[in-house]
Amino acid sequence: MPQSLSSQKHGLAYRPRLQSASVTAHTQREKHVLLIGDNPDFHSAIGFILAHLAAPSAALTFLHAQSLPQACSMLEPIRDLAVIIIDDLALPLADTVTLLQTIRSSSRFPDVSVLVRTSADNLDVAREALAAFAVFGYLIGSTLERAACTELFQNAVLVHEQAADLRATDRGLEKILQTSNKFSELTTIEDFADAVLHDLSDLLGLPNDGLICISEVLNNGQTELFAISAAGRCTTLLNQPASGFDDVMQHVMLQAMHDKRTVHANNMTALYFPGDGTRCLIAVICNTHVLNHIEQRLLHVFGSTASIGLTNILLVTRLHNYAYYDTLTKLPNRERLREILDETLQKPVGLPTTLALIDIDHFAETNDTLGHKFGDQLLLAVATRLQSRLGHHLIVARVSGDTFAVLGDDNQVTPEAIFAQFERPFSIAAQQVQLSATVGLMRLAEHNGRGAEALKNAQIALKRAKLQQRAGHLYFSRSMGIDISERVNMMHALREAFEERQLYVVYQPQIDMLTRTAVGAEALLRWCNEGVMISPARFIPIAEYSGLIIELGEWVLRQACLETVRLKRRGFDHFMISINVSQVQFRHPQFLSMLKRTLSDTEASPHCIELEITESMAMEDPDALTALLNQITATGVSIAIDDFGTGFSSMSHLQKLNVDRLKIDRAFVTEITESARGSSIAEAIIQLGRNLDLDVIAEGVENERQATILSELGCAYGQGYLYAMPLTSDELDEWLQQHAQPAPPLSS
């Protein structure tokens, strides 16, 4: 029943029905109906007629105002006004116009339905005066008919709700569109979760109170949810597993994840966002009211939009991880370490920092012997030990296959601390594996460049350390960088010189030491850079390192072959030219085919070509070498072992090799007149050649005393400044006219 008129005069609220039967314990939204007029019978009659009614989605709260000022003051705190019923019979028409002007000009109540009670005589006047204010309907006469009044009021409420729904839908879709645009700019799953939580609350008009969980597969194969974003009362749950949440929240979340849908229950809503097949997100928001059908539809659209955003975020995250993190160990990779170094170097000077590169010794052999799976487990064990034992404030990264990096304070990143991690064996698949490591270190305080250069310098130190001694260490010094810079510059200059035909070949004659006549020559590569001769001892190793030696070697071989053809036309039919072959060139899989092609292209006689390989090359993998030498000698080309005596030849292996000549290293020729030891080594080599039926040639013969001793020891051939300097092709022609007896020219 209506309240007393004395209460109504003071503007008190009258609530004929608080809730519909379907409403749960949630707080239901209110919709207000404002009755305006100073006739108590009007308020009583309307209240009586409409007391049994309720809006479809909310409870109706009736407010009563007796005047325009009172009505305006009562509207101040109201959020949702559904219907205004004005008693025009009691309220001056001018006041009604003023009130409706206030209502329609305000953005607070865009969808309110207006009903006006007026007399039949005044209806046309009222309609004309109120035409601009979209009055929904009119109640005619002083006596209100219940059925007509009820129908008109219900339609007014329904129109209001439809208009409000459309407006809420438009507003919600606009917010979802803005949210979608925001999602496209996010790059981390944490930022995405924060945005989802905030925008969900904003979309539904709820306090920011809830959390976002992500699913993770544990080592035991079980799936657990972890909170990665939280707000309001749920803040204390951030970074906690869902297994520690209260039972009600756990139940709602697990049901949403299991059913893969949105679940409404127990004053909360759980939304399911599918991820990438291995992970998903569950959002939980705490409700302060029952979500209406519009809000639930908007939630569905929001969920679809957010799911697309989540898929993109996870894809970006996966690509980021592939780009910046090692897939096996999950450690930062080389590129991420470079970024960290850049950030470290840009910070104000703090604690002295050292970068260490740790290379596991002989890992390739272990990997090949025990398998890649075992090798991966070994790398994981090394990564785990470095992370757990070196200190939590250090950064550990994997920069290549078996090379790790450690970055941190000078006092922690030391050779001693690193080597200590390899003192105990690693337990892998019930096997105890003892490892050692070689370390290259770089003090960042001594570096003023970027991270890439610091990493390169540490790599230089590591390479130097590996060359000097395995299981050792070396700190980078500026002199190392200068050496590398010079090598790089020379490498570029060498390639440019080769392309521009600045390199050339000279020939140092080889003679019969008894007759002093020329029998051949050694082809030597020369480089004159801007008038300065560059020693082969400097540029040949660089050519080998860069791979340019493959092209250079083929070019020298071709020049030598062409020289033998030219000399043959001049009557030197059996003049042999020796060509040094680099180990890199000799081990190239296409070397034999290149040799055959060059001989064919130049039409050189194979018996006029001799290839010189070093003693160390001859002793490396003798079985494979034997097969290759047999194929080479089958072409008619001869083989000589250069620098003999400087290596550690096995006589049994030497006997198996298909070679033709031994070349005594110049170091033993130099010592031949200075010590008994020099003579004894030369004599031993000459005797060995005689026993193996091999010719012997001595290089570096510079005086007659050396020549006499070598002849007396039985050395047949010699080469050196005593006989001739290295000569160009034209100079060789002139020299041969005086020191060689050519064979008769070939008949045409």
Side-chain angles (χ1 to χ4, degrees), residues 8 11 13-14 29-43 45-47 49-50 53 55-58 60-145 147-171:
Q8 295 171 11
Y14 170 56
R29 284 180 173 173
E30 292 182 326
K31 285 186 177 294
H32 294 86
V33 178
L34 178 61
L35 280 67
I36 306 173
D38 63 358
N39 185 345
D41 294 337
F42 166 74
H43 290 273
I46 294 295
I49 293 172
L50 304 180
L53 300 179
S57 63
L60 292 176
T61 297
F62 284 72
L63 303 175
H64 300 265
Q66 280 73 43
S67 65
L68 175 62
Q70 187 183 27
C72 290
S73 64
M74 294 183 71
L75 289 175
E76 287 297 326
I78 295 176
R79 292 181 55 201
D80 199 340
L81 185 62
V83 180
I84 295 177
I85 304 178
I86 302 173
D87 185 7
D88 186 46
L89 295 177
L91 194 69
L93 185 59
D95 285 355
T96 300
V97 171
T98 300
L99 176 64
L100 292 182
Q101 284 176 334
T102 302
I103 293 293
R104 294 308 187 196
S105 63
S106 171
S107 61
R108 293 177 56 210
F109 311 116
D111 307 312
V112 63
S113 294
V114 177
L115 300 178
V116 177
R117 178 193 180 194
T118 188
S119 64
D121 296 338
N122 200 40
L123 179 61
D124 292 338
V125 175
R127 280 179 172 171
E128 183 177 353
L130 304 178
F133 302 111
V135 174
F136 180 77
Y138 290 87
L139 301 171
I140 309 300
S142 57
T143 302
L144 297 174
E145 183 182 350
C149 183
T150 299
E151 181 180 3
L152 184 62
F153 179 77
Q154 286 180 325
N155 289 338
V157 171
L158 183 60
V159 168
H160 161 76
E161 290 213 333
Q162 290 175 341
D165 286 351
L166 288 173
R167 193 175 298 276
T169 300
D170 289 344
R171 187 167 55 248

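Please read all numbers here as calculations on a predicted model, not as lab measurements. These numbers come from the heavy atoms of this one structure, side chains and all, not from hydrogens, waters or symmetry mates.
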How far apart are the C-alpha atoms of I84 and F109, what are their side-chain angles, what is the distance that settles it, and do they pass the side chain to side chain contact (heavy atoms under 4.5 Å, CB included) test? CA-CA 11 Å; I84 295 177; F109 311 116; over 6 Å; no

Validation row: I86, V135 side chains within 4.5 angstrom (heavy atoms): no

If I take atom OG from residue S73 and atom CG from residue L68, how far apart are they, to the nearest 0.5 angstrom? 9.5 Å

Less than 4.5 Å apart, any side-chain heavy atom of Q162 and any of L166? no

In Å and rounded to the nearest 0.5 Å, what is the OH to CG distance from Y138 to L123? 7.0 Å

With side chains defined as the heavy atoms from C-beta onward, is the minimum distance between I49 and T150 less than 4.5 Å? yes

So which atom in M74 and which in L63 form the shortest heavy-atom distance, rounded to 0.1 Å? CE-CB, 3.6 Å

Applying side chain to side chain contact (heavy atoms under 4.5 Å, CB included) to S113 and V157, what does each step give before you reach the verdict? CA-CA 7 Å; S113 294; V157 171; over 6 Å; no

Any heavy-atom pair between the side chains of V114 and L130 that's under 4.5 Å? no

A side-chain contact here means heavy atoms from C-beta on lying under 4.5 Å apart; do I46 and C149 qualify? yes

Drop me the distance from L75's CG to I36's CD1, to the nearest 0.5 angstrom. 6.5 Å

At their closest point, which heavy atom of L93 faces which heavy atom of A129, and how far apart are they? CD2-CB, 3.7 Å

Non-hydrogen atoms of L81 and H160 that approach each other most closely: O-CE1, 3.3 Å

Taking H32 for its side chain and D80 for its backbone only, find out whether a donor-acceptor pair lies under 3.5 Å. yes

OG1 on T98 to CD1 on I103, rounded to 0.5 Å: 12.0 Å

Of the options L99, L100, T96, which is the one that meets F133 in a side-chain contact (heavy atoms from CB on, under 4.5 Å)? L100

Looking at every heavy atom in both T118 and A126, which two are closest together, and how far apart are they? OG1-CB, 4.3 Å

With sequence neighbours left out, which residue pairs that include part of residues 94-111 fulfil the salt bridge (Lys or Arg N to Asp or Glu O under 4.0 Å) condition? D111-R167

If you define the side chain from C-beta out and look only at heavy atoms, does anything of F136 sit under 4.5 Å from L152? yes

The side-chain contact (heavy atoms from CB on, under 4.5 Å) partner of H64 among L34, V33, L35 is L35

Gap separating the CG atom of L50 from the CD atom of Q154, nearest 0.5 angstrom: 8.5 Å

Within the structure provided, determine whether I85 and F153 are in side-chain contact (heavy-atom separation under 4.5 Å). yes

For atom CD of E151, decide whether the heavy atoms of other residues, nucleotides or ligands shown that lie under 6.0 angstrom number more than 12. no

